[in-house]
Amino acid sequence: MIKIKKLALSACITSTIALSGITAVNASSESPNDWPQYHRTSDAWRYSPLDQINADNIKKLKVAWIHQPGDIQMGLQATPIVVDGIAYYIGPNNNVFALDAATGKQIWHYQADLDAIVDEVFYVAASRGVTVGHGNVYIGSLDGRFIALDQKTGKEKWSTQITDQEKCYGCLFSSPPQLAGDVLFGGTTGGDQPTQGKIFAVNAITGEKMWTFDILKKDDPKSWPGDSGEVGGSGAWLPGTYDEKTDTIFIGTSNAAPDFYGAEREGDNKYSASLLAIEPKTGKLKWAYQEIPHDVWDYDSAYEALSLNVNGKDVLVHLNKSGYVFVLEKDTGKVENVWPLAENINFVKGIDPKTGELIGRVDMPEGKETTICPYLLGARSWNHGAYNPNTGLWYTNAMEVCNIVVPAPQEHENVGIAGLYLGVSKLVAVPPPGKKASARLDARDPITGRLKWSVDYPLPGLGSVLTTGGNLVFNGDPYGVIHGYNAENGKEIWNFNAGSGIRGGIVSYSVNGKQYILAATGFGSHAPGFMASAFPEVSGLPGGAALVAFTLED
């Protein structure tokens, strides 16, 4: 049973930036009828201005069509892209489809000819989406390539080998590379493996390699002593965003490796657990902000960077796995505020909201059990939140889970292609001390963290949230139920059982004057395995893979 909490009237942390000062900056920069990029617009709002489907008529929503990719391995984790009435999405094992977005009729299908090594890797089968532009559909492949397909036919135009997985374990692309004009950029997945985190860019028209950005600052012995930077992880494994106004790529990086054993890499370990601002044509760093220096808790900074204008100042709102949200000045990375999304945090006593300094770090003794909150999946997994400019609220899933950790040395030479470089002898997800593991959907002021409403969930929501101009919020749960809420007060006003849990993105678009809601359904990924000891029910949920479209009854 899902239960709504009463409204919270107090702010988590007082900020000098008032919610009333937020103004829309990019919400209308794309056609309102399309969902043309991963977050719909470069501000990462996941907001559709369409309002034909609204809080008054949502009960008339019906299934318009269903498309199944035919392969359900690891579920459906993609965010669909919709441009000019055509929906593009990727299923398991790099199967790409183009569909008539009004009927679901298949226009073309592309099956990547993958190297056999993809059957051996830890990050098997899954992909989070495609990118559309320049007449192409772009994917990052499971065998380490950027590939361009003809948007009309699905035929391969070019394929550029970026990484060699025989030498670089985990160096595959589970997220779609993104466009920054004529530059196509993206990072690899293996942040928890003995690799060197990098971001790659190619010419989007020709596929020619342009630059490689080395995330690990290995030439700084204070940051990466000895040869620790050779295997320091820190991949940028989620899609970045491109800000055309400032000609800047914003992209987050993951934790340093080995994850929980910091003795192997004394120092601040730049630029792990950081948000980076990069010049797209050259790959040069404009600025970097490290949220978790010398991270020994697996607190990635790879999540989306929400772009807002507040009282005339451009800021980025960036959730870290640690459960803290960092509000940064967009041009410099300077800290404007830090506030906690998680209710149970004990890895530090706090973070200074003015400087971002970690206060009272808890470093875990080698060979001894320490309970750390939040756990390795974070206060939220990689599934994204959504911001609505009409309500001024950011809607995001959250969970309250900890883990028992016993740090231990690990020989990186013995980590196989499917192994993880975690630096532990024990790692178990557990409820917060004296409490039950819990989950919820929150509606918050993104600048101060002030809570407007919250809905309790029996299992953590692992799909990305959608919000719309129709005063609606859509969110899916691991059981397969898609929920529709009133964006102002959190009241549930619609739901649909898709039969298998939601791990991908929900989007909205319009064709021939009719608005649709499109949900990627089908439970999968490694997250259920990591959380099963805290949420035992998650391990028995059915798999699946289906794209389900909804529209109003005629």
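Each residue takes its place number in the sequence, starting with 1.
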Would you please indicate yes or no on a ring centroid separation below 6.0 angstrom for Tyr387 and His39?
-> no
Would Tyr509 and Trp35 count as a close aromatic pair, with their ring centres under 6.0 Å?
->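 Ring centroids of Tyr509 and Trp35 are no less than 6.0 Å from each other.
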Please check this pair: side chain of [X] against backbone of [Y], looking for a donor-acceptor N/O pair closer than 3.5 Å.
{"X": "Thr189", "Y": "Ser174", "value": "yes"}
{"X": "Ser381", "Y": "Asn383", "value": "no"}
{"X": "Asp220", "Y": "Lys222", "value": "yes"}
{"X": "Arg503", "Y": "Leu462", "value": "yes"}
{"X": "Ser307", "Y": "Asp43", "value": "no"}
{"X": "Asn320", "Y": "Ser322", "value": "yes"}
{"X": "Ser175", "Y": "Trp237", "value": "yes"}
{"X": "Thr160", "Y": "Gly207", "value": "yes"}
{"X": "Thr131", "Y": "Pro177", "value": "yes"}
{"X": "Thr248", "Y": "Thr246", "value": "yes"}

Any side-chain heavy-atom pair of [X] and [Y] under 4.5 Å:
{"X": "Ile278", "Y": "Ile199", "answer": "yes"}
{"X": "Ile372", "Y": "Met364", "answer": "yes"}
{"X": "Leu319", "Y": "Leu341", "answer": "yes"}
{"X": "Ser42", "Y": "Glu244", "answer": "no"}
{"X": "Leu316", "Y": "Phe250", "answer": "yes"}
{"X": "Asp442", "Y": "Tyr395", "answer": "no"}
{"X": "Ile139", "Y": "Pro176", "answer": "no"}
{"X": "His384", "Y": "Asn397", "answer": "no"}

Axial cation check for [Y] ring with [X], 6.0 Å and 45° limits:
{"X": "Arg145", "Y": "Phe173", "answer": "no"}
{"X": "Arg46", "Y": "Tyr38", "answer": "yes"}
{"X": "Arg444", "Y": "Trp339", "answer": "no"}

Between [X] and [Y], what is the shortest heavy-atom contact and its length?
{"X": "Leu518", "Y": "Pro80", "result": "CD2-CB, 3.7 Å"}
{"X": "Gln77", "Y": "Ala126", "result": "NE2-CB, 3.1 Å"}
{"X": "Ile292", "Y": "Leu358", "result": "CG2-CD2, 4.3 Å"}
{"X": "Asn390", "Y": "Asn388", "result": "N-OD1, 2.8 Å"}
{"X": "Glu329", "Y": "Thr332", "result": "OE2-OG1, 2.6 Å"}
{"X": "Leu238", "Y": "Trp382", "result": "CD1-CB, 3.6 Å"}

Step-by-step side chain to side chain donor-acceptor pair (under 3.5 Å) determination, Asn309 to Asp314 = CA-CA 4 Å; Asn309 183 278; Asp314 290 333; 2.7 Å; yes
Please verify the inter-ring angle class for [X] with [Y]; under 30° counts as parallel, over 60° as perpendicular, anything in between as tilted.
{"X": "Phe347", "Y": "Tyr324", "value": "perpendicular"}
{"X": "His526", "Y": "Tyr123", "value": "perpendicular"}
{"X": "His483", "Y": "Tyr457", "value": "perpendicular"}

Check against side-chain contact (heavy atoms from CB on, under 4.5 Å), Asn255 and Tyr299 | CA-CA 6 Å; Asn255 56 281; Tyr299 289 154; over 6 Å; no
Salt bridge (Lys or Arg N to Asp or Glu O under 4.0 Å) filter on Lys217, not counting sequence neighbours, yields none
Decide yes or no on side-chain contact (heavy atoms from CB on, under 4.5 Å) for Val362 and Asn346, but give the supporting numbers first.
-> CA-CA 8 Å; Val362 174; Asn346 72 356; 5.8 Å; no
For side-chain contact (heavy atoms from CB on, under 4.5 Å), just list the numbers for Lys330 and Lys313, CA-CA rounded to whole Å, side-chain angles, deciding distance to a tenth of an Å, and then say yes or no.
-> CA-CA 8 Å; Lys330 191 174 185 178; Lys313 179 179 286 189; over 6 Å; no
Quick one: list whatever passes side-chain contact (heavy atoms from CB on, under 4.5 Å) with Lys281, sequence neighbours left out.
->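 Scan of Lys281 (side-chain contact (heavy atoms from CB on, under 4.5 Å), adjacent residues dropped) gives Asp247.
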side-chain contact (heavy atoms from CB on, under 4.5 Å) partners for Ser127, two or more places apart =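 Result, side-chain contact (heavy atoms from CB on, under 4.5 Å) vs Ser127: Ile90, Asn94.
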Look up atom [atom1] in [X] and atom [atom2] in [Y], then write down how far apart they are to the nearest 0.5 Å.
{"X": "Leu472", "Y": "Glu488", "atom1": "CG", "atom2": "CD", "answer": "11.0 Å"}
{"X": "His134", "Y": "Asn203", "atom1": "NE2", "atom2": "CG", "answer": "8.5 Å"}
{"X": "Asp268", "Y": "Gln290", "atom1": "CG", "atom2": "CD", "answer": "5.0 Å"}
{"X": "Ile162", "Y": "Thr212", "atom1": "CD1", "atom2": "OG1", "answer": "7.5 Å"}
{"X": "Asn475", "Y": "Thr467", "atom1": "CG", "atom2": "OG1", "answer": "11.0 Å"}
{"X": "Gln196", "Y": "Cys168", "atom1": "CD", "atom2": "SG", "answer": "7.5 Å"}

Met399 and Arg380: side-chain contact (heavy atoms from CB on, under 4.5 Å), yes or no, with the steps?
-> CA-CA 6 Å; Met399 51 186 161; Arg380 190 196 77 194; 5.6 Å; no
For the pair Glu304 and Arg40, find out whether any cationic side-chain nitrogen is under 4.0 Å from an anionic carboxylate oxygen.
->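 Not counted as a salt bridge, because no side-chain N and carboxylate O are separated by less than 4.0 Å.
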Could Asp214 and Lys198 be called an ion pair, given the rule that one side-chain N must be under 4.0 Å from one carboxylate O?
->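 Between Lys198 and Asp214 there is a salt bridge, with a charged N closer than 4.0 Å to a carboxylate O.
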Check whether the side chains of [X] and [Y] place a donor and an acceptor atom closer than 3.5 Å, and report yes or no.
{"X": "Gln37", "Y": "Gln178", "value": "no"}
{"X": "Ser301", "Y": "Glu291", "value": "yes"}
{"X": "Ser272", "Y": "Asn269", "value": "no"}

Determine, step by step, whether Glu336 and Lys354 satisfy the salt bridge (Lys or Arg N to Asp or Glu O under 4.0 Å) criterion, reporting the C-alpha distance in whole Å, the side-chain angles of both residues, the deciding distance to 0.1 Å, and the verdict.
-> CA-CA 6 Å; Glu336 292 286 334; Lys354 294 182 179 179; over 6 Å; no
Option among Asp300, Asp298, Asp259, Asp192 that satisfies the side-chain contact (heavy atoms from CB on, under 4.5 Å) test with Ser254 | Asp300
